[in-house]
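These notes concern the structure reproduced below.
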Amino acid sequence: MKIFGWSFTGLNTVAQQHLCETHYAEGRTVEAVKMLHIIKTSDGETQVNKATVDWIADFTKKCAVTLEDAGDEAFRSAKYDDAITQYSAALSLSPPSTAGLFIKRSKARVAKESWEDAVQDANEAVKADPSNPWGYKAKHAALHGAKQYDEAIDAFKSMLPVIEQSRDPAIRQLRRNCISPSDTIADIDTLVDKILQSSPLVVIDAQTGCLCDHAEQKRIFKDSPKFKELVSSMTSKLDSERIQQLVASFFGYVTFSHTWQGEEPSFQDVKRAKSVWKLPNTHLNEKLRRFCKETLRHGYNWAWSDTCCIDKDNSSILNQSLTSMFKWYADSAATIVYLADVAHPSMLGDLTRSYWMTRAWTLQELLAPKAIFFYDSGWNRYLDDTSTNHKKSPKIMQELTDAIKIAYGTIDTFSPDNLGVREKLRLASTRNAKFEEDIAYSLIGIFESDIKPHYGEGADAVGHLLEEIVARSGEVTVLAWSGKSSSYNSCLPTSLSVYGQTPHNPPPLEGEELNTCITKLHGKLSEQEVLSICRRINSLPPARFATRRLHLPCIVFPVRGLSKQGLHRGKETLYQAEVSGLGNVGFMSAEDLQLDKQQKFVFVHPWINHLRGPSGGVPWEDELDPDAYTGLDGVVPSQAVPTPDPGRYVQALEMIARLGQPFNALLLAQQPNGRVYKRVAAESEIIVPGLGTNISSKCILAKVLEIL
């Protein structure tokens with residue numbers, strides 16, 4: 001500007017520069033920048049004045065550094081608005097390198113959850129310097145916060161090659177701290193496969209009502225925001241615990257327990273309808289739909305019902321489902337039990353009186369789950385109990401404990417190891433099924449059995465189960481029953497209902513009574529005789545089955561004579577047997593036994609574990625081959641017996657004392673070939689008095705008998 005030929009522009013610019021410097025010195029850098037912009041946009045003379053141009057360049061650089069430092073300080077102090085203001089002022093100066101400032105402003109906007117602006121800044125950073133990996137990192141953070149997970153994962157993928165190709169060795173080293181999304185997905189896939197491996201083969205998507213196999217479940221998972229968020233969040237370290245929790249939560253499923261009421265909706269029915277929600281409006285279809293609604297209400301998306309989630313036309317899938325069902329219930333997030341015959345309002349006792357408590361399959365459906373919810377016929381909680389798990393409800397658990405006679409803790413946290421063989425069979429003895437094979441198949445999980453379901457085998461299914469129990473454990477308490485013999489093997493019953501009987505269980509021999517027996521035996525038996533008897537008992541192998549034949553270790557007592565006593569009760573006859581070592585034994589049987597001497601009988605004591613006692617038998621340091629010292633008459637040659645040990649001798653006397661107790665004997669009939677036997681069924685247990693203390697080495701025949 002000129003007045004009378006004089007120029008005042010320089011004076012005005014100097015004043016403005018001075019004002020800028022004053023603002024800057026007072027820490028008001030943003031105001032200094034505003035004045036700087038006025039100077040920059042003044043008339044052209046300012047732009048050609050070299051001194052002014054140099055000052056502008058120096059002052060701009062100085063302000064940019066100060067503003068960036070002020071923004072950093074504000075960010076560290078969580079004053080994100082101030083940080084954004086400082087970075088924005090610095091960017092307004094058009095510094096030579098803007099990428100870093102855009103990255104910092106993007107981070108500040110992420111902290112404020114201003115996702116859209118943060119993404120825009122990150123994009124500007126990438127545009128300004130595509131070789132800077134931190135622009136991509138900022139973009140990933142902003143997109144992740146905006147829940148645009150697919151784009152966030154792509155941004156992170158784009159960052160990795162930039163790091164790898166950097167000229168800076170320090171940056172290239174940082175690649176080792178980064179996890180590629182593909183590696184994260186591979187780890188998640190491994191865990192998903194592991195979880196699905198022990199999950200039902202097919203479940204209902206409770207939202208859509210569609211049946212989903214494992215592949216479809218995985219597809220739905222990978223399309224879900226949860227999966228994408230998980231992958232996007234794992235950038236520097238795999239959080240295995242979080243992955244485990246999220247995957248387990250996503251694939252958590254609810255199982256259905258109920259009694260079949262007729263033509264329940266099948267796998268094919270739901271497939272044809274394409275959804276549970278599109279099935280015709282029938283009572284049973286509505287039952288399935290209500291189950292799905294309850295599944296959703298409990299916070300889960302996957303529902304499993306034995307009606308429609310098993311393709312029963314496929315024998316392989318059916319068999320796999322039957323053998324896996326216990327584990328499916330055990331691994332479920334919860335089990336919903338529908339009591340169709342319990343009216344609302346329900347009363348204490350309705351549960352244990354319900355039809356549901358009588359069915360074979362529902363035993364495992366009660367025991368296996370960690371969490372269970374009972375509903376009455378109107379889909380109201382049983383007893384209006386709204387607790388988070390009916391297995392933790394004192395009233396309901398007490399009702400069940402009183403009914404099935406097992407401890408509350410066993411029902412609450414059942415595992416197959418919680419109960420003995422006999423107790424499991426007792427629980428099963430009151431259960432019924434439409435198909436007799438299901439009596440056995442429903443116990444596969446409870447007994448951890450490996451039997452293979454084969455519908456059509458009928459009662460043989462129970463035989464297979466009991467055979468395997470004996471074969472796996474050597475457990476012979478399955479032989480303690482009275483009633484009719486199975487065609488599978490004469491030592492096995494036709495029905496599990498016999499296990500509702502309480503078997504004879506001799507009281508423990510201890511204290512003064514044991515000492516008295518030992519004293520009497522000590523006076524009658526030499527140490528060599530005592531130790532030889534115990535060696536015979538100790539040498540007996542576990543019971544086993546082979547081609548339906550039971551190889552039973554036992555103490556054998558031959559029958560010297562058999563007669564009828566003339567008393568009858570229905571089809572039963574009272575017999576009197578004269579038994580070697582035991583004296584006269586009476587028993588009832590519905591079988592017509594041959595009394596001629598050509599038919600030979602023996603009573604046997606199969607409870608070898610009881611004889612051996614809690615310690616499992618007398619320990620021997622120098623076990624001998626039984627065949628080397630046991631003759632056909634049961635006498636052990638004296639030269640086979642090592643020097644007696646006093647401690648073992650006392651333990652051996654205790655074993656023989658137990659042999660003198662009354663016991664539940666099995667009666668066996670020798671078959672014509674003389675090598676095998678069959679059990680004679682008795683209508684009640686045959687309790688014999690035992691040997692007392694009248695024991696000699698010759699009367700103890702420890703053998704393994706083969707029984708058809």
Side-chain angles (χ1 to χ4, degrees), residues 147-150 185 188-189 191-193 195-232 242-258 264-311 317 321 325 328-329 331-338 365 369-373 375 378-381 386 388-389:
K147 299 183 180 180
Q148 298 177 36
Y149 301 121
D150 285 328
I185 291 171
I188 294 172
D189 280 343
L191 183 57
V192 169
D193 290 339
I195 287 176
L196 290 178
Q197 194 172 17
S198 58
S199 298
L201 304 177
V202 171
V203 291
I204 306 166
D205 182 335
Q207 292 277 3
T208 65
C210 299
L211 296 178
C212 300
D213 59 13
H214 289 172
E216 180 63 8
Q217 280 186 279
K218 285 180 71 174
R219 185 197 65 77
I220 292 171
F221 176 53
K222 288 194 170 184
D223 282 345
S224 72
K226 287 185 178 180
F227 168 78
K228 294 173 181 178
E229 190 280 334
L230 188 63
V231 174
S232 178
R242 180 166 175 253
I243 292 174
Q244 171 73 40
Q245 290 175 348
L246 189 143
V247 172
S249 172
F250 185 90
F251 288 100
Y253 59 90
V254 176
T255 46
F256 193 30
S257 179
H258 63 117
E264 301 275 356
S266 68
F267 177 85
Q268 286 73 22
D269 291 336
V270 179
K271 277 290 186 182
R272 278 192 295 269
K274 302 188 186 307
S275 169
V276 165
W277 306 113
K278 295 179 181 178
L279 288 168
N281 291 324
T282 67
H283 171 67
L284 296 180
N285 290 342
E286 181 58 24
K287 178 174 75 168
L288 180 61
R289 285 195 281 260
R290 285 301 301 264
F291 162 58
C292 290
K293 289 178 182 177
E294 287 302 310
T295 295
L296 292 171
R297 200 176 66 79
H298 282 281
Y300 297 94
N301 189 61
W302 308 110
W304 183 87
S305 170
D306 58 352
T307 56
C308 65
C309 293
I310 302 174
D311 183 0
I317 287 176
S321 299
M325 210 174 288
W328 291 350
Y329 277 95
D331 291 345
S332 67
T335 291
I336 287 175
V337 178
Y338 178 65
E365 294 162 17
K370 298 181 289 291
I372 200 165
F373 298 93
Y375 289 80
W379 287 95
N380 305 289
R381 295 281 192 94
T386 57
T388 56
N389 181 1

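These figures come from a predicted structure and were not determined experimentally.
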Close side-chain approach of Ser257 to Tyr338, heavy-atom, < 4.5 Å
no
Indicate the ring-plane relationship of Phe251 and Trp302, choosing parallel, tilted or perpendicular according to the 30° and 60° boundaries.
parallel
I'd like to know whether Asp189 forms a salt bridge (Lys or Arg N to Asp or Glu O under 4.0 Å) with Lys222, so could you lay out the CA-CA distance, the side-chain angles of the two residues, the decisive distance to 0.1 Å, and finally the verdict.
CA-CA 10 Å; Asp189 280 343; Lys222 288 194 170 184; 2.9 Å; yes
Could you check whether atom CZ of Phe227 has more than 12 heavy atoms from other residues, nucleotides or ligands sitting under 6.0 Å from it?
yes
Can you see which heavy atom on Ala303 is nearest to which on Phe291, and at what distance?
CB-CE2, 3.5 Å
Under the criterion salt bridge (Lys or Arg N to Asp or Glu O under 4.0 Å), I'd like the reasoning laid out for Lys271 against Asp311: C-alpha separation, chi angles, the key distance, then a yes or no.
CA-CA 10 Å; Lys271 277 290 186 182; Asp311 183 0; over 6 Å; no
Looking at Lys226 and Glu229, is there a salt bridge between them, counting it only when a charged N and a carboxylate O are closer than 4.0 Å?
no
Taking the side chain as everything from C-beta on, heavy atoms only, tell me whether Thr335 gets closer than 4.5 Å to Phe256.
no
Are any non-hydrogen side-chain atoms of Ile336 and Trp379 less than 4.5 angstrom apart?
yes
So does Ile317 get a backbone contact from the side chain of Ser321, meaning a donor-acceptor N/O pair under 3.5 Å?
yes
Is there side-chain contact between Phe221 and Leu246, with heavy atoms separated by less than 4.5 Å?
yes
Under 3.5 Å, is there a donor-acceptor pair between the side chain of Asn389 and the main chain of Phe373?
no
Who pairs with Asp306 by salt bridge (charged side-chain N to carboxylate O under 4.0 Å, His left out), at least two apart in sequence or on another chain?
none
Passing candidate, side chain to side chain donor-acceptor pair (under 3.5 Å) with Tyr375, options Glu294, His258, Arg290
Glu294
Over all heavy atoms of both residues, which pair between Lys274 and Cys210 is shortest? Give the atoms and the distance, please.
O-SG, 3.3 Å
Would you indicate whether the side-chain heavy atoms of Tyr253 and Asp331 approach each other to under 4.5 Å?
yes
Donor-acceptor pairs are to be reported for all side-chain atoms of residues 197-204 against protein atoms at under 3.5 Å, with residues two or more places apart or in another chain.
{"unit_1": "Ser198", "atom_1": "OG", "unit_2": "Ile195", "atom_2": "O", "d": "3.4"}
{"unit_1": "Ser199", "atom_1": "OG", "unit_2": "Ile195", "atom_2": "O", "d": "2.8"}

Any non-hydrogen side-chain atom of Thr282 less than 4.5 Å from a side-chain atom of Asn285?
yes
Does the separation of the ring centres of Trp304 and Tyr329 fall below 6.0 angstrom?
yes
For the pair Arg242 (side chain) and Leu230 (backbone), establish whether a donor and an acceptor sit closer than 3.5 Å, ignoring hydrogens and angles.
no
May I ask you to test the Cys292-Trp277 pair for a side-chain heavy-atom distance under 4.5 Å?
yes
Quick check: do His298 and Thr295 have side-chain heavy atoms less than 4.5 Å from each other?
no
Of all the heavy-atom pairs spanning Leu288 and Ser305, show the shortest one and how long it is.
CD1-CB, 3.9 Å
